[in-house]
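Below: the structure, in structure tokens.
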Amino acid sequence: MTTAVPARERVHTVVDSPIGPLTLVAADGALVGLYLAEQRHRPSEEFFGAPDPEPFAGVREQLAEYFAGRRTVFDVPLAPVGTPFQQKVWRALLEIPYGRTVSYGQLAARIGSPSASRAVGLANGRNPISIIVPCHRVVGSSGDLTGYGGGLERKKWLLALERGAAGRAEQLSLLDPAAR
């Protein structure tokens with residue numbers, strides 16, 4: 001994870017997805033942003049830099065696989081910009097397994113700040129790389145779906161996608177004697 005990159009060095013493209021258009025932003029070969037339409041804390045258009053779809057082929061392919069239920073882990077260079085605390089939270093988000101959820105309190109404990117669930121929630125809400133850095137996998141302490149920068153309907157959709165794909169994978173492994 002890195003520091004701020006001037007807008008003139010950033011490029012972006014917009015791709016379609018089942019949850020609406022996604023704006024991808026890159027700098028120096030790394031993804032610095034993946035923003036949903038109408039996302040809370042979405043930066044101004046100036047942040048995105050010039051339009052250029054070329055550096056996003058790998059990200060586009062991996063997102064298509066994810067939305068098709070065939071990808072559970074992303075392998076793209078990431079460089080989200082944030083405070084050291086935000087960076088710590090975002091790294092911890094990457095450790096939440098596909099198809100699973102954790103509470104804000106559990107995430108706070110994982111980063112060694114068990115009393116910081118509110119700060120973790122704020123950092124989670126500022127995650128600049130939605131989906132790939134899976135902030136949608138964080139829920140309230142009771143398991144209820146709480147806020148999501150891209151809207152609760154999108155959060156529900158992403159969690160349902162992951163639960164469905166994870167469930168299909170478990171069913172397949174139970175049927176496959178070689179998987180035992």
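This chain uses plain numbering: 1 for the first residue, then up along the sequence.
Rounded to the nearest 0.5 Å, atoms CG (Leu107) and NZ (Lys88) are 11.0 Å apart. Atom OG1 of Thr72 and atom CD of Glu65 lie 10.5 Å apart (nearest 0.5 Å). Taking CZ from Arg126 and CZ from Arg40, the interatomic distance works out to 9.5 Å, rounded to the nearest 0.5 Å. Atom CD1 of Ile131 and atom OG of Ser17 lie 6.0 Å apart (nearest 0.5 Å). Interatomic distance, CZ of Arg154 versus CG of Leu161, reported as 14.5 Å (0.5 Å rounding).
Side-chain N or O atoms of Arg137 include none that pairs as donor or acceptor with a backbone N or O of Leu93 at under 3.5 Å. Looking only at distances, no side-chain donor or acceptor of Gln62 sits under 3.5 Å from a matching main-chain atom of Arg71. Between the side chain of Asn124 and the backbone N or O of Tyr104 there is no donor-acceptor pair closer than 3.5 Å.
The closest side-chain heavy-atom distance from Pro51 to Thr13 is not below 4.5 Å.
Note on Val139 and Leu122: separate hydrophobic clusters, where clusters join Ile, Leu, Val, Met, Phe, Trp and Tyr whose side-chain heavy atoms are under 4.5 Å apart, directly or indirectly. Tracing side-chain contacts under 4.5 Å through hydrophobic residues (I, L, V, M, F, W, Y), one never reaches Val14 starting from Val59; they form parts of separate clusters. At a threshold of 4.5 Å between side-chain heavy atoms, the hydrophobic network of Ile, Leu, Val, Met, Phe, Trp and Tyr places Ile111 and Trp90 in one connected group.
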- Query: Where do Leu158 and Phe67 land on the side chain to side chain contact (heavy atoms under 4.5 Å, CB included) test, with the steps shown first?
  - Reply: CA-CA 9 Å; Leu158 291 167; Phe67 286 121; 4.1 Å; yes
Set out, in order, the CA-CA distance, both residues' side-chain angles and the distance that settles side chain to side chain contact (heavy atoms under 4.5 Å, CB included) for Leu22 and Leu36, then state yes or no.
CA-CA 5 Å; Leu22 305 174; Leu36 305 163; 3.2 Å; yes
Original post:
Could you go step by step and tell me if Ile96 and Thr101 meet the side chain to side chain contact (heavy atoms under 4.5 Å, CB included) rule?
Top reply: CA-CA 7 Å; Ile96 303 170; Thr101 58; 6.0 Å; no
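Between Pro128 and Pro80, the shortest heavy-atom contact is CG-CB, 3.5 Å. Nearest heavy-atom pair across Gly33 and Leu31 is O-CD1, 3.4 Å. Of all the heavy atoms in Gly69 and Tyr98, the pair that sits closest is CA-OH, 4.5 Å. Minimum heavy-atom separation, Pro53 to Arg60: CB-NH1, 3.9 Å. Annotation for Ala30 and Leu78: closest pair CB-C, 4.2 Å, computed over non-hydrogen atoms.
Not counting sequence neighbours, the partners of Tyr66 by the ring-ring contact (aromatic ring centres under 6.0 Å, His included) test are Phe74.
Of the residues Lys155, Lys156, Glu162, the one that meets the side-chain hydrogen bond (donor to acceptor under 3.5 Å, both in side chains) test with His136 is Glu162. Applying side-chain contact (heavy atoms from CB on, under 4.5 Å) to Phe48 and the options Thr23, Val32, Leu24 leaves one that passes, Thr23.
Within 6.0 Å of the CZ atom in Arg42, the count of heavy atoms belonging to other residues, nucleotides or ligands exceeds 12.
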